[in-house]
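Given the structure is predicted, the values throughout are model-derived calculations rather than measurements. Quick note on labels: first sequence line is chain A, next is B, and so on, each numbered from 1. What you see below is based on every heavy atom in this structure, not just the backbone, and it leaves out hydrogens, waters and symmetry mates.
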Amino acid sequence: MTMSEANKQQGAVQTTGHSWDGDLQEFNNPLPTWWLWGFYLTVIFAVIYWVIYPAWPVGESYTKGVANTITYTVNGEERTTHWNTRALLMKEMQSGQDAQKMQAYMEKVAAASYDDILADEEMLAFTRAVAKGLFGDNCAACHGSGGAGVMGLFPNLVDDAWLWGGTVEQIETTLTEGRHGFMPAFGRSLDDGQIDAVAHYVLSLSGHEVDGDMAQRGMQIFNGKEGGCFYCHTQAGTGLESQGAANLTDSIWTVANVPGQDSLEGKLAEVREVVENGIERVMPAWDERLSDNEIKLLTVYVHELGGGQ
Amino acid sequence: MTETDVQLYQKRVPIYPRSVKGRFRRLKWGILTLAYGVYFLLPWLPWDRVAGPQQAVSFDIHGRRFYLFDLTVHAQDIFWLAGFLVIGAFLLFFVTGIAGRVFCGYFCFQTLWTDVYILIERLVQGERPARIRLDKQPWGGGKLLKKGTTHLLWLLVAFLTGLSFTLYWGYAPELFTGFFTGQAPFPAYATTLFLTATTYVMAGLAREQVCTYMCPYARFQGAMFDRDTLIVAYDEARGEGSAGRHKVAKGLKTREERQTQGVGDCIDCGYCVQVCPTGIDIRNGMQYQCISCALCIDACDTIMDSMEWPRGLIKYTSDKAQHGEKTRLLKGKTIGYGVILLSAATALIVSMLNQVPLDISVSQVRQPLYVRLSDGRIQNSYEIKLNNKADLSYEVRLDVSGLGGAELDLGQLEHIVLHPDQRLQLFVKVRMRPHANQPEKKDFYFVVEPVGAGDIPQVKWPSVFYHPDD
Ligand code: SF4
Ligand code: SF4
């Protein structure tokens, strides 16, 4: 085939005029003109983009661009910044479609009774999702992000023992008004032997094998004028929710770390320590920081953590 | 030629493809009719579905679901897309290795839409010579009318293309009326506008420039070719003879006359060049611009028929066949591609057929891992995610198995009802009394039993129960 006949339609293939070694030629297969214009357009586009949007890093900062502000509200307060994805997210969370859906569902939950929420898998799931964040922001600092608390300092919310009661109403009151738990120190009114006896009795209440005579003695102090422990813990040792007094007959220890000790001696020492020095714990009231609905969501959440009662 | 003359950029050389009749043209019209039928009508096909749109094919971006007839593709099934892409890629390798650019010539959207645009052009402005004449004419009423009509019709096709595409992403009848009453969402208008514009530009204005300058496939398909690959080729030996091609002239009319003078069978009528949508001359040999549309075969066959000479001066052949060797289609490469293709397709289909209608996953709450209850029992908590992919509502019963003496606490939940396409998260607690020599952790299963859900099977999910190490 001959090259002159080839490409007849588009004209013969040009050479650039460069040639080497006499016959080595450089062909020119030109690109279409629109291609060139396409290139110019991208350049123009880049300049316009640069003017409008954030583009170049400049030292610690960057060119922010004009006419690309975004306005959103935070806690009812309007804010305007240059466009960025974080601001966009804020805006979406306030006024986006999903935010509106969530708002609507929130109202549904706010209007429902505790019983209805607890018996409805969907409302429960929604509440959990929202309250998880609330718990993390407000409660986790003391009770831990999973609600396990710290022995002796902040009660475990995951077990089923409730110092102040585990019904939704009681939990709601705890959250709204706060609690003040107080056990006096008996170190001044009782001597070491008496404290030892009380400790034996207290351990026997939850089924630990202790010296029978000591426990007998301890019981008399516990239920008598000397100790007066029964005022709060009741004669059966089951505690009084109105006082936030612990149930001493179950396996749960909120102050004395009895399960943490292997030997009976260790367990006794833990209990003695509490009887001797007493304990005072305060749960703050949240009604000023949280809205009624937030407290409601948290109530359900905490109730579910520990299985409620 | 001097350097100053060199033009680095050139104006587009206009191409006026002539129409042609023949078997490949008929096949292409057939494929085009089928493709257009599917593309334009599919969004209107109704489909009975309990949940989701009553539309056979619908892509619900907001609900993160694709509905394809009886198959619902959820966001979690995204790996199907990977399978689909693998199949697409290997199908392309496989087919290209065997039959060259059949995709380009017969199925590519660019080819299909350009075909329709050229048809419109011909119906309005006439055959190739008329179009060339029209372009040379000075602007006047007649030219304006013809050109205007062409572009209007092009725009109409482009608009219908764009709108049809949009209809796949919503409920078609509603979206359609909404579109014209201004009720449709903004993305619908934007998408339609964008596709209208691109269709008009690509099929109307850019045409072969897309294939030669923009399409990446045009650039690397050569790598999939080998000497056995079917290509559209001109039989140079037959066409040129020893003395080259020649027009039909005095003394060069019959084959015998020509052959005695060494002139080949090509009568240099130029028909094959005129019908070519990319404007090349196939007689120059294999070129990257050739989209393998086979129209030049139809053209030359027509000429050969009229000369009463055998067909096949231009035909589908392979490089080997052209050099008198035997074409071998079954060889390592094609078999390899075929095997991969088959296994990928099987895997995808099996996975689709076995789509679990009820999906569960369990994650253990690790803060705290376990907790001691007042009666001495140990409690572990779990977050269970249930996902109903089926089309109906049903109740699920949750239980644990393999954990003797354990109790599952669902709080006050009595019935857990899953609605179609619902995702639900549950927080459950499992309680157990520790006994002597308790292992620190014990494997067990959560069992989810659908009730009143026909033949949806129960689902098990493995989990672990932790004890304190005392
Ligand atoms: S050369 Fe023939 S097969 Fe190739 S694009 Fe042109 S008409 Fe189609
Ligand atoms: S159509 Fe056939 S005969 Fe006519 S120019 Fe092309 S190859 Fe030659």
Flag side-chain contact, heavy atom, 4.5 Å: A/Pro32 against B/Lys11: no
Within 6.0 Å of CE in A/Met123, more than 12 heavy atoms from elsewhere: yes
Chain B contact via A/Asn247 - which portion, at a heavy-atom distance below 4.5 Å: neither
Flag, side chain of B/Lys429 to backbone of A/Gly306, donor-acceptor distance under 3.5 Å: no
Within 6.0 Å of CZ in B/Arg64, more than 12 heavy atoms from elsewhere: no
Side chain, backbone, both or neither of B/Leu426 within contact of chain A (heavy atoms, under 4.5 Å): side chain
Other residues, nucleotides, ligands: >12 heavy atoms within 6.0 Å of B/Arg397 CZ: no
Side-chain touch B/Gln379/A/Asp159, heavy atoms, less than 4.5 angstrom: no
Any side-chain heavy-atom pair of B/Gln412 and A/His303 under 4.5 Å: yes
Which atoms of B/Leu373 approach chain A - backbone, side chain, both or neither, heavy atom under 4.5 Å: both
Chain A contacts, top residue of B/Arg377, B/His419, B/Glu383 (heavy-atom pairs, under 4.5 Å): B/Glu383
Distance, nearest 0.5 Å, that separates OG of A/Ser251 from CG of B/Asp375: 6.5 Å
Pairwise distance CZ(B/Arg372) to CG(A/Asp160) - rounded to 0.5 angstrom: 12.0 Å
Distance (rounded to the nearest 0.5 Å) between B/Leu418 CG and A/Glu122 CD: 9.0 Å
Gap separating the CG atom of A/Leu124 from the CZ atom of B/Phe427, nearest 0.5 angstrom: 10.0 Å
Pairs of heavy atoms under 4.5 Å with chain B: top-ranked of A/Gly146, A/Ser145, A/Pro30, A/Gly144: A/Pro30
Chain B contact via A/Leu118 - which portion, at a heavy-atom distance below 4.5 Å: both
Inter-residue atom distance B/Tyr9.OH - A/Trp37.CH2, 0.5 Å rounding: 12.0 Å
Segment of B/Arg431 engaging chain A (4.5 angstrom heavy-atom cut-off): side chain
Which atoms of A/Trp34 approach chain B - backbone, side chain, both or neither, heavy atom under 4.5 Å: side chain
Atom CZ of A/Phe39 with >12 non-hydrogen neighbours under 6.0 angstrom: no
Approximate separation, where rounding is to 0.5 Å, of A/Leu36 CG and B/Gln10 CD: 12.5 Å
Residue, of B/Ser374, B/Ala206, B/Gly244, B/Ser381, that accumulates the most heavy atom pairs under 4.5 Å with chain A: B/Ser374
Most chain A-contacting option - heavy-atom pairs closer than 4.5 Å, from B/Arg366, B/Gln422, B/Glu414, B/Arg12: B/Gln422
Proximal component of B/His415, with respect to chain A [non-hydrogen, under 4.5 Å]: backbone
pair A/Glu121-B/Gln425: side-chain heavy atoms closer than 4.5 Å: no
